[in-house]
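Here the structure is a predicted model, which is why all the values come from computation and not from measurement. Atoms within each ligand, like the ligands themselves, are counted from 1 in listed order. For the single chain, residues carry numbers from 1 onward in sequence order. Both backbone and side-chain heavy atoms feed into the values below; hydrogens, waters and symmetry mates do not.
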Amino acid sequence: MSEKKKLSIEWLSGCSGCEVGLVDLHEKLLNVLDEVDLVRIPILMDIKGYPKADVGMITGSIRTEHDLNSARKMREACDVIIAFGTCPVYGGPHSGGYADTPQELLDVAFCSNPSTVTTDIPDQTPKLLDQTLPIDAEIEVDLYMPGCPPHPGHIFDGLMSLLRGQAPKIPRYTVCYNCDRKMKKSDVTTLRRTYEGPFDPDICFLTQGCLCFGSASLDRCMAPCPKSGVPCFSCGGPSEPIILEPPKDVRTRIAHQMSHLTKIPHDTIVAEIESQAKTHYAYAMASPVFRQKPTFLFKKWTQKSEEA
Ligand code: SF4
Ligand code: SF4
Ligand code: SF4
């Protein structure tokens, strides 16, 4: 029997949901463990160093100096690096701090937070960087596996392919592909937010005047949200055309589609998305995929919605 590959895992700033995603492999985790020796996994073992490994998996994004250091150490120690989850690929939900300085974020968290009676910001250990960074802003990445967390099927396929030296299957469809709701034309004239239901469980949210980002999101999840009555908010990151084509824009893509399905004007939909940009762009706005788009005027949008 050939020697087992060594797998090393490191978590940077994230929520540990990606580690739960690994456990969601259930009995297939045993198949993975048949092929690897885990040399580092902080959620299960108390280990301080960065042992040499064939495959390194990084969860979470770079938010602090400690994250930066750990990402570099992992790159030195591992032959192959997987960016595991939306956080390391695009920045993840804490990309939402993009519009604020670390000082402003700390003020909100401590000084102007009604539940924290303090005027002092605690010592920052480790120190926050100016912005959240996807890991490829600092180190080279060999395999990107977005998803918040990625679906166990994609985890298993990606990991096992890599361990066996094969190219992983990378489906390119959007969340709509796995959603059972029917997209059809309607006479709806007004937008409704998610809490303004009820919504017909068999009909596309867009048809019913509710924003859903499924058609602009890469499916790494099998569409659990629209299947459970919640519109997609794109936690898995943008679809391939949005990634590859700088002029393609999430808000105009969704507005174009929704204004054709309903009687809601295109500009009304665009304005609604811009007014909630912190929600709709939260998961990937730390990434140049969004930041470098000429149409991504996030600071202007948030300023406008704060003035309103
Ligand atoms: S990608 Fe999602 S599940 Fe994974 S660490 Fe980030 S926030 Fe948590
Ligand atoms: S836009 Fe949303 S609700 Fe409509 S088909 Fe796509 S994922 Fe389903
Ligand atoms: S928000 Fe969208 S991308 Fe995220 S799990 Fe739900 S359906 Fe998938």
Any carboxylate oxygen within less than 4.0 angstrom of a Lys/Arg side-chain nitrogen, looking at [X] and [Y]?
| X | Y | result |
| --- | --- | --- |
| K185 | D187 | no |
| E10 | R40 | yes |
| K300 | E274 | no |
| R75 | D142 | yes |

Could you pull out, from C232, C212, A223, G236, the option with a heavy atom nearest to atom 2 (Fe) of ligand 3?
->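 Checking each option, the heavy atom nearest atom 2 (Fe) of ligand 3 is found in C232.
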If the cut-off is 4.0 Å to any non-hydrogen atom of [X], which atoms of ligand 1 fall inside it?
| X | result |
| --- | --- |
| G147 | 1 (S) |
| P93 | 7 (S) |
| G17 | 3 (S), 8 (Fe) |
| C148 | 1 (S), 2 (Fe), 3 (S), 7 (S) |

Looking only at protein heavy atoms, identify the closest one to [atom] and say how far it is in Å.
| atom | value |
| --- | --- |
| atom 4 (Fe) of ligand 2 | C204 SG, 2.4 Å |
| atom 3 (S) of ligand 2 | F205 N, 3.4 Å |
| atom 8 (Fe) of ligand 1 | C15 SG, 2.3 Å |
| atom 1 (S) of ligand 3 | F233 N, 3.3 Å |
| atom 6 (Fe) of ligand 2 | C176 SG, 2.3 Å |

Can a non-hydrogen atom of S234 be found less than 4.0 Å from any atom of ligand 3?
->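 It does; at least one heavy atom falls under 4.0 Å.
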Can a non-hydrogen atom of P226 be found less than 4.0 Å from any atom of ligand 3?
->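 It does; at least one heavy atom falls under 4.0 Å.
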Take Y90 and S61 through the side-chain hydrogen bond (donor to acceptor under 3.5 Å, both in side chains) test and state the conclusion after the steps.
-> CA-CA 8 Å; Y90 295 116; S61 55; over 6 Å; no
Hey, does T86 sit under 4.0 Å from ligand 1 if you only count heavy atoms?
->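 Under 4.0 Å: yes for T86.
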Number the atoms of ligand 3 from 1 as they appear, then name those within less than 4.0 Å of a heavy atom of C221, with their elements.
->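 In order of number, 3 (S), 5 (S), 7 (S), 8 (Fe).
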T64-D67 side chain donor-acceptor pair, cut-off 3.5 Å =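 Yes, a side-chain donor-acceptor pair sits under 3.5 Å.
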Side chains of S95 and Y281: do they bring a donor and an acceptor to under 3.5 Å?
->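 Distance-only check fails for S95 and Y281.
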With no hydrogens and no angle check, is any side-chain donor or acceptor of H94 less than 3.5 Å from a backbone partner on R63?
->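 Judged by distance alone, no pair lies under 3.5 Å.
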Within the stated cut-off of 2.8 Å, is an N/O/S atom of C235 closer than that to atom 4 (Fe) of ligand 3?
->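 Checking C235: at least one N, O or S atom is under 2.8 Å.
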R181 heavy atoms, cut-off 4.0 Å: which ligand 2 atoms fall inside?
->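 Near R181, the atoms of ligand 2 are 3 (S).
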Any idea how W301 and F296 line up, ring-wise: parallel (<30°), tilted (30 to 60°), or perpendicular (>60°)?
->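 Because their plane-to-plane angle is over 60°, the rings of W301 and F296 count as perpendicular.
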Would you call the rings of Y173 and Y177 parallel, tilted or perpendicular, where under 30° means parallel and over 60° means perpendicular?
->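 Correct class here is parallel.
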